[in-house]
Amino acid sequence: MIDKSNQHSFQRLRLNLRQLEVFLATARSGSTRAAADRIARSQSAASTSLAELEAVLGEELFDRIGRRLLLNENGRALLPKAQALVEQAAEVQALFTDEHAAPLRVAASFTIGEYLLPGLVTQWTQRHPKSQIHLRIGNTSEVIAAVAALDVDVGFVEGSQTHSDLVVRPWLDDEMVIVAAPGHSLANRCATPLQLADATWVLREHGSGTRQITDEWLLTNLGQVRVGFELGSTEAIKRVVATSDGLGCLSRYAVEQSVADGHLVELQTRLPRASRKLAIVLHREKRLGRATTDFLAHCSAAKQHNAS
């Protein structure tokens, strides 16, 4: 027996997933030509789908600036809901196949992306060989921007920066340490605040979570910091510090192997400990798919292991 009320509700549904797919691709690429390339359709078909969607909704979703299409307030309101619907449709499509839906998109700041997540991702793919993870690494500001724009499913950050569209979940405890070359004049002694204030420092760039806490910690306790180098890579900082008289301030996770290998030494100081929370960031309006939920549970298990 057919339920007439349900039949009428289906007839009233005038938008479709293809239109939403074109909308999402256009939002990311800025034009229907680039959107068509992303989803393997002709430009005319993509333009038609977008026009049909705007007609169905009765609102324009983009500001037309020359040949560029930029999301307006209507488009920004639709974006997370459209993303959720298309992702759910992909999960349904993959339900009775051996393949998972789209790869899990993860963004992480440098310390997490280079020293913590590689092992976790390796363990995950060993247990879930058909579940792919695309990992993007940048500084904390870049990760937050990617999560807020729905370019990634989940972000991992070091700094306290946030965004009104995001939810922040505490993850791991971390500690900042000061490192130097083994032959540095301050190695094998307790460095005083005056000696540290007179030293040359090799630090991360502004916008990174590591630089944010470094500035707060050192400036509060030393009064001044003489920055000799600002580098956008933790590995580059470690190499410069290991071959110069500069001091570095980095996460313990980032330097523990280099200290164990004898390439760097951790300086003993009279400064108070500089601890911080590493965090997971998620979009408030994004529905978490099964892969994202399971991966976060996998990472939370690592948190419990770390605490034990």
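We count residues from 1, following the sequence as given. In this text, all values refer to a predicted model and were calculated from it rather than measured experimentally.
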Neighbour count >12 (heavy atoms, 6.0 Å) for atom CZ, R169: no

Please check: side-chain N/O of S29 versus main-chain N/O of A35, any donor-acceptor pairing under 3.5 Å? yes

Evaluate E230 against R211 for salt bridge (Lys or Arg N to Asp or Glu O under 4.0 Å), listing each step before the verdict. CA-CA 9 Å; E230 285 188 353; R211 180 59 183 271; 3.0 Å; yes

With R287 via side chain to side chain contact (heavy atoms under 4.5 Å, CB included) - residues at least two apart: A84, Q88, E91

Kindly determine whether L17 and E21 satisfy side chain to side chain contact (heavy atoms under 4.5 Å, CB included), including the steps that lead there. CA-CA 6 Å; L17 290 168; E21 185 181 38; over 6 Å; no

So, do P182 and V265 sit near enough that their side-chain heavy atoms are less than 4.5 Å apart? yes

Could you grab the distance from atom OG of S44 to atom CZ of R33, nearest 0.5 Å is fine? 11.0 Å

Residue pair W171, L116: steps toward the side chain to side chain contact (heavy atoms under 4.5 Å, CB included) verdict: CA-CA 12 Å; W171 184 40; L116 290 171; 4.2 Å; yes

Looking at R252, R276, K277, which one forms a side-chain hydrogen bond (donor to acceptor under 3.5 Å, both in side chains) with D173? K277

Between F110 and E158, what is the shortest heavy-atom contact and its length? N-OE2, 3.4 Å

Report the C-alpha distance between D165 and E285 in whole Å, list the side-chain angles of each, state the deciding distance to 0.1 Å, and finish with yes or no for side chain to side chain contact (heavy atoms under 4.5 Å, CB included). CA-CA 8 Å; D165 291 337; E285 297 190 43; 5.6 Å; no

NZ/NE/NH1/NH2 to OD/OE distance under 4.0 Å, D151 and R105: no

Counting C-beta onward and ignoring hydrogens, is there a side-chain heavy-atom pair between R64 and L69 closer than 4.5 Å? yes

Indicate yes or no for a side-chain donor-acceptor contact from T125 to the backbone of T122 under 3.5 Å, with no hydrogens or angles considered. yes

With a 6.0 Å cut-off (strictly less than), is the heavy-atom count around CZ of R67, excluding the residue itself, greater than 12? no

Is there a side-chain contact between L271 and L222 (heavy atoms, below 4.5 Å)? yes

Nearest heavy atoms of L247 and A180, plus distance in Å: CD2-CB, 3.6 Å

Going by the side chain to side chain donor-acceptor pair (under 3.5 Å) test, which pairs reach into residues 178-192, not counting sequence neighbours? T192-Q195

Decide yes or no for V106 and L117: does some side-chain heavy atom of the first lie under 4.5 Å from some side-chain heavy atom of the second? yes

Does a side chain donor of either D174 or S251 reach within less than 3.5 Å of an acceptor in the other side chain? yes

Listed by chain and number, what are the side chain to side chain donor-acceptor pair (under 3.5 Å) partners of S208, not counting sequence neighbours? none

Shared hydrophobic cluster for L71 and L20 (ILVMFWY, side-chain gaps under 4.5 Å): yes

Considering all heavy atoms, the nearest A108-L135 contact: CB-CD1, 4.1 Å

Does the side chain of E114 pick up a donor-acceptor pair with the side chain of Y253 at under 3.5 Å? no

Any side-chain heavy atom of N16 within less than 4.5 Å of one from Q19? yes

If Ile, Leu, Val, Met, Phe, Trp and Tyr residues are connected whenever their side-chain heavy atoms lie under 4.5 Å apart, and connections chain through other members, are V86 and V147 in the same group? no

Any Lys/Arg nitrogen of K286 or E87 sitting under 4.0 Å from an Asp/Glu carboxylate oxygen of the other? yes

Less than 4.5 Å apart, any side-chain heavy atom of L85 and any of K81? no

What distance do I133 atom CD1 and L120 atom CG have between them, rounded to the nearest 0.5 Å? 9.0 Å

Describe, in one word, how the ring planes of H298 and W124 are oriented to each other, choosing from parallel (under 30°), tilted (30 to 60°) and perpendicular (over 60°). tilted

Quick test of your reading of the model: are R76 and E73 salt-bridged, counting only N-O distances below 4.0 Å? no

Ignoring hydrogens, what is the shortest heavy-atom contact between G138 and V143? Give both atom names and the distance. O-CG2, 4.1 Å

Under 3.5 Å donor-acceptor, R136 side chain and G155 backbone: no

Nearest 0.5 Å, please: how far is OG in S233 from CZ in R204? 7.5 Å

Determine, stepwise, if the pair L296 / L288 fulfils side chain to side chain contact (heavy atoms under 4.5 Å, CB included). CA-CA 10 Å; L296 291 178; L288 297 185; 4.2 Å; yes

So how far is it from E59 CD to L78 CG, rounded to the nearest 0.5 Å? 11.0 Å

How about R38 and T26: do any of their side-chain heavy atoms sit closer than 4.5 Å? no

For the student: nearest non-hydrogen atoms of R41 and S49, plus distance: NH1-OG, 3.0 Å

So does N72 get a backbone contact from the side chain of D63, meaning a donor-acceptor N/O pair under 3.5 Å? no

If hydrophobic clusters are built by linking Ile, Leu, Val, Met, Phe, Trp and Tyr wherever their side-chain heavy atoms come under 4.5 Å apart, do V177 and L264 end up in the same one? yes

Can you check whether N139's main-chain N or O pairs, donor with acceptor, with E142's side chain at less than 3.5 Å? yes

Distance-minimising heavy-atom pair for G246 and V241: O-CG1, 3.6 Å

Hey, any chance I178 and F229 share a hydrophobic cluster, counting ILVMFWY side chains that come within less than 4.5 Å of each other, even indirectly? no

Would you call L250 and T111 a side-chain contact if the rule is heavy atoms closer than 4.5 Å? no

For the atom pair CD (E54) and CG (N74), what is the distance rounded to the nearest 0.5 Å? 9.0 Å

First locate atom OG of S141, then atom NE2 of H206, and finally report the distance between them rounded to the nearest 0.5 Å. 11.5 Å

Residue that, paired with V225, satisfies side chain to side chain contact (heavy atoms under 4.5 Å, CB included) out of L196, T214, L203, D215: L203

Identify which one of E235, H263, K238, R239 satisfies the side-chain hydrogen bond (donor to acceptor under 3.5 Å, both in side chains) criterion when paired with S258. K238

Would Y115 end up clustered with V121 when hydrophobic side chains under 4.5 Å apart are linked, directly or stepwise? no

